[in-house]
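Computed from a prediction, not measured in an experiment: that's the story for all the values here.
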Amino acid sequence: MLYNDPSPLETKVLTRLFGVPNSTSVETYVAHEGFVAFRKAAAMTPEAIIDEVKKSNLRGRGGAGFPTGMKWSFVPRNNPKPKYIVVNADESEPGTCKDRLLIEYDPMQLIEGMMIAGLAVGAKRGYIYLRGEYRYLVDILDKAIAEARAAGWLGTSIQGTGFDFDCYTHSGAGAYECGEESALLESLEGKRGVPRIRPPFPAVAGLYRCPTVLNNVETYCSVPSILRMGGEAWANLGTPRNGGTRLFCLSGHVNKPGVYELPMGFNLLRMIEEVGGGVRGGKKLKAVIPGGSSCPVLTAAECDLPMDFDSLKNAKSMLGSGGVVVMDETTDMVKVALRIMKFYQHESCGWCIPCREGTTWLKNILTRVYNGMGQKEDPALVHELASNMLGRTFCPLGDAAAMPTISIVEKFRDEFEAYVRRSPVTDLADIDTKIPVRA
Amino acid sequence: MNFSPELEAKFAEIIGKYPPEHKRSALVPLLLFTQDELGQITAEAVQEVAKRVGVFPMQVEEVLTYYSMLHFPKPMGKKHVQICTNISCQLTGGEELYERASRKLGLGHKQVSADGEVSLEEVECIGACSWAPAIQINYDFHHNVTPEKLDELLDGLRKLN
């Protein structure tokens, strides 16, 4: 059973097997053009595979939107060390719940994507790093991997091509930070999930300091259709420099929340109205988080825009991980800012000080404002603190905490001011005269 | 220390996934599966896991204290109720569910019932945003949870035993 009804506006490329009976089996996959892309890739040179991926304008689906073909081309092929394919299935950006479905309904597509990446960079082994909460997916994937091995789609000289490849699941145990690529690798090596200094990037020194391709689940899942359709045709599904389709996770105050596969560049307002059935209860739209909670918030007036990496960047936000969180007119934006900060403060690994202290102080100040004890300088203080954190942390978690905060305090300043005005003591200098001291 | 044959088989399977010189990679999954099997991670288990992957027990503890799903030294209840209150769930009633569960169970955040059966935790995003509010009881997801559905789930906790 599907989690939500599909929308007639969807373009089913990666999700084409969703809802097909027994979609996780090798037979079903093969019956639906499964492994056709692998066979095609096996007859190509590694350079030609990477070229095809470059032509597709596929950009990383984990959040950063880095061109995948270019990332693969950074792997030094002449390096004598073993090379690794690592899948980031540590889906934990608030608002994001798509990778789960890609694995649950079509694990073979992911495996095929990894195999093609293996061909492209000369890797023989892959790991799928799943967040610990997704235990049921470990079972689904382990079963799929065993089936693929038994059918000769994993192992030595796959289908007589002379290419050896195998992959394994790896369970995390609860840490948002492990979605950051270098922290993920530390965790995969059996350590605390703290980030590494970069460069060197994983392409050069990743897992066990060996060249490693590390991409999001959806990114790998895009690869088989790229090889099948051809890079150019796949690119044309989307907008210039933003190829293909994307899984958007609609959540919050919409009538039909759900995960929908839409062409890159689909209009955000149309997505909310026509795919999501509009704002719940006939209320007015107030704000949208366009790509997971680390993205700057858009006001309702800013939402008439195509959902692709470049358009969102122009709007000073990000397409991120595809988590579209819709907020209606009743939403308390101070509360939203506090909840988002509470999350990042909890998840900060504590490795670098600007992030560890910055998120803690921001949470404290936002708590004070929300609890009705805000000081008149607090809105400006929140803005200043968050701005000073931006770009000054070891890994992007600091930015992830700062960006939504800055946008909310800038765009909804009046709500912060209203909270502060209600506070009995808005200036600490008055504290002696306004608060009676008990003897 | 002796583990059950099932856990031993799981250990062998997990350690076998990594190159022999990198068996430390198995550490986090081993700890998680140990916790699931034994109900808790004991000091003895820490020693044993350390031996299996070739690190000092202190290094195991260092890792243990980092991951939010690993509970050490105090275990969570046999039925661990995890209620998400992160943004998508907050917008759709997750906080109210948490308050309701807290009152009904008489437990606060990360508290365990006196008999060790049930525990409650307010958790961060569990990846069920489009079907919010969502909760997890142990590894089982429950989506689009209403107050009535929550009551039903909580009432069922002790009946399962």
What verdict does the salt bridge (charged side-chain N to carboxylate O under 4.0 Å, His left out) test give for A/Arg280 and A/Asp328, after you've listed the backbone C-alpha separation in whole Å, the side-chain angles of each residue and the deciding distance to 0.1 Å? CA-CA 8 Å; A/Arg280 232 160 60 167; A/Asp328 72 18; over 6 Å; no
Quick check for you: among A/Ser92, A/Pro257, A/Gly258, A/Gly193, which has the greatest number of heavy-atom pairs under 4.5 Å with chain B? A/Gly193
Would you mind checking which part of A/Lys256 comes under 4.5 Å of any heavy atom in chain B, side chain (CB onward), backbone (N, CA, C, O), both or neither? neither
By a 4.5 Å heavy-atom criterion (distance strictly below it), what part of A/His170 contacts chain B: side chain, backbone, both, or neither? both
If you count heavy-atom pairs within less than 4.5 Å of chain B, which of A/Gly252, A/Cys349, A/Ser293, A/Gly132 leads? A/Gly132
Side chain / backbone / both / neither for A/Thr330 at chain B, heavy atoms under 4.5 Å: neither
Using heavy-atom distances under 4.5 Å, tell me whether A/Asp90 contacts chain B through its side chain, its backbone, both, or neither. neither
Can the ring centroids of A/Tyr344 and A/Tyr176 be said to lie less than 6.0 angstrom from one another? yes
Which portion of A/Leu101 sits near chain B, non-hydrogen atoms under 4.5 angstrom: side chain
Sub-3.5 Å donor-acceptor pair from the side chain of B/Asn86 to the main-chain atoms of B/Glu124, do we have one? no
Given that the side chain runs from C-beta out, which part of B/Glu62 has a heavy atom under 4.5 Å from chain A: side chain, backbone, both or neither? both
Report the option among B/Val28, B/Leu70, B/Thr85 that has the most heavy-atom pairs separated by less than 4.5 Å from atoms of chain A. B/Thr85
Region of A/Ser171 in contact with chain B, defined by heavy-atom distances below 4.5 Å: both
Measuring heavy-atom distances to chain A, does B/Glu95 have an atom under 4.5 Å in its side chain, in its backbone, in both, or in neither? side chain
Would you please indicate yes or no on a ring centroid separation below 6.0 angstrom for B/Tyr18 and A/Tyr168? no
In Å and rounded to the nearest 0.5 Å, what is the CG to CZ distance from A/Leu154 to A/Phe165? 7.5 Å
Heavy-atom distances under 4.5 Å only: say whether A/Val254 touches chain B with side chain, backbone, both or neither. neither
So, are B/Asp151 and B/Arg100 salt-bridged, with charged N and O less than 4.0 Å apart? yes
Considering only heavy atoms, which portion of B/Pro19 lies under 4.5 Å from any heavy atom of chain A: side chain, backbone, both, or neither? both
Contact part of B/His143 toward chain A, heavy-atom cut-off under 4.5 Å: side chain, backbone, both or neither? side chain
Structural part of A/Lys335 lying under 4.5 Å from a heavy atom of chain B: both
Checked A/Glu347, A/Glu177, A/Arg135 vs chain B; the most non-hydrogen pairs under 4.5 Å come from A/Arg135
Under 4.5 Å from any heavy atom of chain B, what part of A/Tyr84 do you find: side chain, backbone, both or neither? side chain
Test: B/Arg52 cationic atom under 6.0 Å from B/Phe3 six-membered ring centre, within 45° of axis: no
Side chain, backbone, both or neither of A/Phe343 within contact of chain B (heavy atoms, under 4.5 Å): both
Quick check for you: to the nearest 0.5 Å, what is the distance between B/Ile87 atom CD1 and A/Ile289 atom CD1? 4.5 Å
Per-residue contact mode, A/Arg100 against chain B (heavy atom under 4.5 angstrom): side chain
So that I can tick it off, tell me whether B/Lys78 and B/Glu117 are bridged by a salt bridge, with the cut-off set at under 4.0 angstrom between side-chain N and carboxylate O. yes
If you count heavy-atom pairs under 4.5 Å between each of A/Asp166, A/Leu188, A/Asp99 and chain B, which one has the most? A/Leu188
B/Glu152 with B/Lys149: basic N within carboxylate O range, under 4.0 Å: no
Considering only heavy atoms and a distance below 4.5 Å, find which of A/Glu189, A/Arg192, A/Lys342 pairs most often with chain B. A/Arg192
Contacting region of A/Val259 [heavy-atom separation from chain B under 4.5 Å]: both
Check step by step if side chain to side chain contact (heavy atoms under 4.5 Å, CB included) holds for B/Glu37 and B/Phe11. CA-CA 11 Å; B/Glu37 172 82 13; B/Phe11 266 47; over 6 Å; no
Need one label for A/Tyr127: side chain, backbone, both or neither, based on atoms under 4.5 Å from any heavy atom in chain B. side chain
